[in-house]
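Below is one structure, written out as structure tokens; the observations come after it.
Numbered from 1 within each chain, the chains take letters A, B, ... in sequence-line order. Side chains are part of it too, since the values below use all heavy atoms of this structure and drop only hydrogens, waters and symmetry mates. Note that the coordinates shown come from a computational prediction; the quantities given were computed from them, not determined experimentally.
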Protein chains: 2
Amino acid sequence: MAGIKDVAAAAGVSVATVSRVLNGHPSVSAEARTRVLAAVRTLGYRPNAVARSLRTDQTRTLGLVISDVLNPYFTELARSVEEEARTLGYSVIIGNADERPELQDHHVRTLLDRRIDGLLISPTDGGSPLMLDAVRAGTPMVFVDRWIPGVDVPVVRADGRAAVHDLVAHLHGLGHRRLAIIAGPAATTTGSERVDAFREALAEYGIPLPDAYTGQGDFKADSGRRVTEDFLDLAEPPEVVFAADNLMALGALDAIRARGLRVPEDIGLAAFDDIAWFVHTDPPITAIAQPTGELGRTAVRALVDRIEGRPARSVTVPARLVARRSCGEPAHAHREPYPARRSRS
Amino acid sequence: MAGIKDVAAAAGVSVATVSRVLNGHPSVSAEARTRVLAAVRTLGYRPNAVARSLRTDQTRTLGLVISDVLNPYFTELARSVEEEARTLGYSVIIGNADERPELQDHHVRTLLDRRIDGLLISPTDGGSPLMLDAVRAGTPMVFVDRWIPGVDVPVVRADGRAAVHDLVAHLHGLGHRRLAIIAGPAATTTGSERVDAFREALAEYGIPLPDAYTGQGDFKADSGRRVTEDFLDLAEPPEVVFAADNLMALGALDAIRARGLRVPEDIGLAAFDDIAWFVHTDPPITAIAQPTGELGRTAVRALVDRIEGRPARSVTVPARLVARRSCGEPAHAHREPYPARRSRS
DNA sequence: CTGAAAGCGCTTACAG
DNA sequence: CTGAAAGCGCTTACAG
């Protein structure tokens, strides 16, 4: 592979001059520039990003640690993050925590070792020592979707509280009183926010949320399956189950189907996070939608602001309820717009 | 951030000794080792991977360029790739080509600039000059899922031909004769393989595949929508539509639903690639499943073999038909096993 | 077993 | 406008 020395030799200039034309430095004669560019072309020279990074102490790379790649919500988030980053001249390296704190730490560590310019993260837990150290060390960072309380890092997220209230109002209006939730890990902000909002909203209608109706999940499908089975085993099962993310909703559907039960006749189901498939499930699933792409893009801009020395601020956008048919809504009450919800492309 | 010099100073040894203990070099006295390790701990020292890479000319990093992150098939592939790579001591950087050749080239270029040790790629096209150059330059590479004909690079993929034949036999047995396909780009191997196999299988039953029944898609949802609308506009629409991937199947469902039509009563649907949601769609979708996780792991092992100087070979595994209810199969003919198909974890 | 020194491929003051 | 030289943070022959 040709190096900068080969280019310099071929162009009959010093490596300094080659470097200058490559970096668009103004003081280079037109003639030198032409010769260098020609040499670069014929040699197929590409600067070694590793060497450049070592020298400049910047990698033009963002680290993104997401909770679970298998979750379409995060996958869409990752896509919008990469897109916006590319626009701003950055690459992104994705780490998949798989909802496991140790794996999250592994990726954060690797990313830090690689000297990424900044870190975008949706924490899987309440903040490991490693994460806290990184913040303290001044690593440019912004939280997306989930955040760590008490840490001074901008957070870009959707506030689901109002939408959860809307959901409860919707269910109450449909006549349901026995409402249960498959919650996410209490150590995550989205995990606790969604149960809290649910409980609060129920309280407004004078409905309690008994422990038996609060299943502890981990945002992955298996836990949704397990918790739903427990609900179904109850002497008095809930009328509607609210899954705090789409993967646990998948698990719930599996469990319901395995018993030969039907949604919503036998039991209703609603989910946090809306995905394209929810329009086509049997029945279409009532869900809370987040402006995912917008979150990703906003988070990247905030992080790049931090990196480039501009002030970055937290941003909260609202989530919204998309009522469909999985909670016993009257037939045809809600027409899905066409084309069905999908990511922008 | 503490550097190796700080550690050396704190431990009262030279940087060479620090480096040796960090790299497990045998000739270091137990005493020196202890002091170095202590200094590393108290300083919270972490080696700079950028500097190390520049010096050793290896990054312990694999590049993975996939066709579309929004496609659950690739998302699962990416996950298994990262998992296996991590086991073998490598990180992976994912590039999302979004089915666009220029974007694919952008990522390949970026990855090469970063001096990744090897490239895993599912090519979006027939092979750009850049890709061909990379192969010629000896970049360790392996193709996953899709490949570039005529290029001497190991390929790890599923052979879908037999499963497509099974699908056609299945549809024929169900009494269907007017069969259409939403094909992928002809420039991709999976795009052409799937139509070819479909056409061949139809021929065995004396069924032609007219142009009007061959829709050209691009593996993304929108194209599935568009092609399906065209099919539906035909004087004699097909009885069953076979989508060459799951995203185009999503698009097909959107289009069918938008016209107020039902699957399978009005039109049947089958898809290549099986995803967890297909069990819960209305109706459950008959699909061809690939051993995705296995493909990812096998591809990584092949690439690492190449990188570490061992011979790597191509691997082809079979895909298989999973018949459900979207093609007019008799009710309850196929029980879904419990738990429903999902990724290994 | 240990250290001084070279060198990986760049960028960038510093002189001229 | 241009080049010689230092230096980014490591690793690794080479001597001792």
Quiz item: Roughly how many Å is it from CG in B:Asp57 to P in C:dC8, rounded to a whole number?
Solution: 11 Å
Exercise. For B:Arg115 and C:dG9, give me the distance from atom CZ to atom P, rounded to whole Å.
Key: 9 Å
Practice problem: Whole angstrom is fine here: how far is it from CG in B:Asn48 over to C1' in D:dC8? | Solution: 9 Å
Quiz item: In whole Å, what is the span from the CG atom of A:Leu22 to the P atom of C:dT12?
Solution: 12 Å
Quiz item: Closest nucleotide of DNA chain D for B:Asn23 versus for A:Arg20: which of these residues is on the 5' side?
Solution: A:Arg20
Exercise. Would you please confirm or rule out a distance under 4.0 Å between OP1 or OP2 of D:dG3 and any side-chain N or O of A:Thr17?
Key: yes
Exercise. Would you mind classifying the nucleic acid contact of B:Val13 as base, sugar-phosphate or nothing, using non-hydrogen atoms under 4.0 angstrom?
Key: sugar-phosphate
Practice problem: Give B:Ser27 one of three labels, base, sugar-phosphate or nothing, depending on what nucleic acid heavy atoms sit under 4.0 Å from its own. | Solution: base
Exercise. Scan A:Glu83, A:Glu294, A:Glu84, A:Glu308 and name whichever one has a salt bridge (charged side-chain N to carboxylate O under 4.0 Å, His left out) with A:Arg301.
Key: A:Glu84
Quiz item: Which range-with-range stems can be found for DNA chain C when each stem has 3 or more Watson-Crick or G-U pairs in a row and both distances sit under 3.5 Å?
Solution: C:1-3 with D:14-16, C:5-12 with D:5-12, C:14-16 with D:1-3
Quiz item: If you find the nucleotide of DNA chain C closest to A:Thr56 and the one closest to B:Thr56, which residue's nucleotide is nearer the 5' end?
Solution: B:Thr56
Quiz item: Whole-Å distance between D:dT11 P and B:Gln58 CD?
Solution: 11 Å
Quiz prompt | Proximal nucleotide (of D:dC10, C:dT11, C:dA4) relative to the B:Ala51 side chain | solution = D:dC10
Exercise. Using distance alone, with no hydrogens and no angle criterion, decide if A:Asp125 and A:Gln104 have a side-chain donor and acceptor under 3.5 Å apart.
Key: yes
Practice problem: Give a yes/no answer on whether the side chain of B:Tyr45 brings an N or O atom under 4.0 Å of OP1 or OP2 in D:dC10. | Solution: yes
Exercise. Sticking with atom P, work out how far D:dC14 lies from D:dC10, rounded to a whole angstrom.
Key: 24 Å
Quiz prompt | Nearest listed nucleotide, side chain of B:Ser29, among D:dT2, C:dC1, C:dA4 | solution = C:dC1
Quiz item: Can you tell me if A:Asp218 uses its side chain to pair, donor with acceptor, with the backbone of A:Lys220 under 3.5 Å?
Solution: yes
Quiz prompt | Closest listed nucleotide, where the reference is the side chain of B:Ser19 and the choices are D:dT11, C:dT2, D:dT2 | solution = D:dT11
Practice problem: In sequence, state the C-alpha distance, the side-chain angles, and the governing distance for B:Arg313 and B:Asp305, and then conclude on salt bridge (Lys or Arg N to Asp or Glu O under 4.0 Å). | Solution: CA-CA 9 Å; B:Arg313 40 188 209 83; B:Asp305 280 341; over 6 Å; no
Practice problem: Would you mind telling me which residue lines up with the more 5' stretch of DNA chain C, A:Ala2 or B:Pro26, judged by nearest nucleotide? | Solution: B:Pro26
Quiz item: What integer distance in Å separates A:Lys5:NZ from D:dA4:P?
Solution: 13 Å
Quiz item: Between A:Ser91 and B:Thr110, do the side chains contain an N or O donor and an N or O acceptor separated by less than 3.5 Å?
Solution: no
Quiz prompt | side-chain hydrogen bond (donor to acceptor under 3.5 Å, both in side chains) between A:Thr189 and A:Arg157, worked out | solution = CA-CA 11 Å; A:Thr189 46; A:Arg157 65 181 184 107; over 6 Å; no
Exercise. Measure from the side-chain N and O atoms of B:Ser122 to the backbone N and O of B:Ser67, and report whether any donor-acceptor pair falls under 3.5 Å.
Key: no
Practice problem: Among the candidates C:dC10, C:dT2, D:dT11, find the nucleotide nearest to the side-chain atoms of B:Arg52. | Solution: D:dT11
Quiz item: Expressed in angstrom and rounded to an integer, what is the separation of A:Arg55 atom CZ from C:dC10 atom P?
Solution: 13 Å
Practice problem: Work out which heavy atom in A:Ala312 is nearest to a heavy atom in A:Ala302; give both atom names and the distance. | Solution: CB-O, 3.3 Å
Quiz prompt | Nearest-angstrom distance from the residue atom CD1 of B:Ile4 to P of C:dA4 | solution = 14 Å
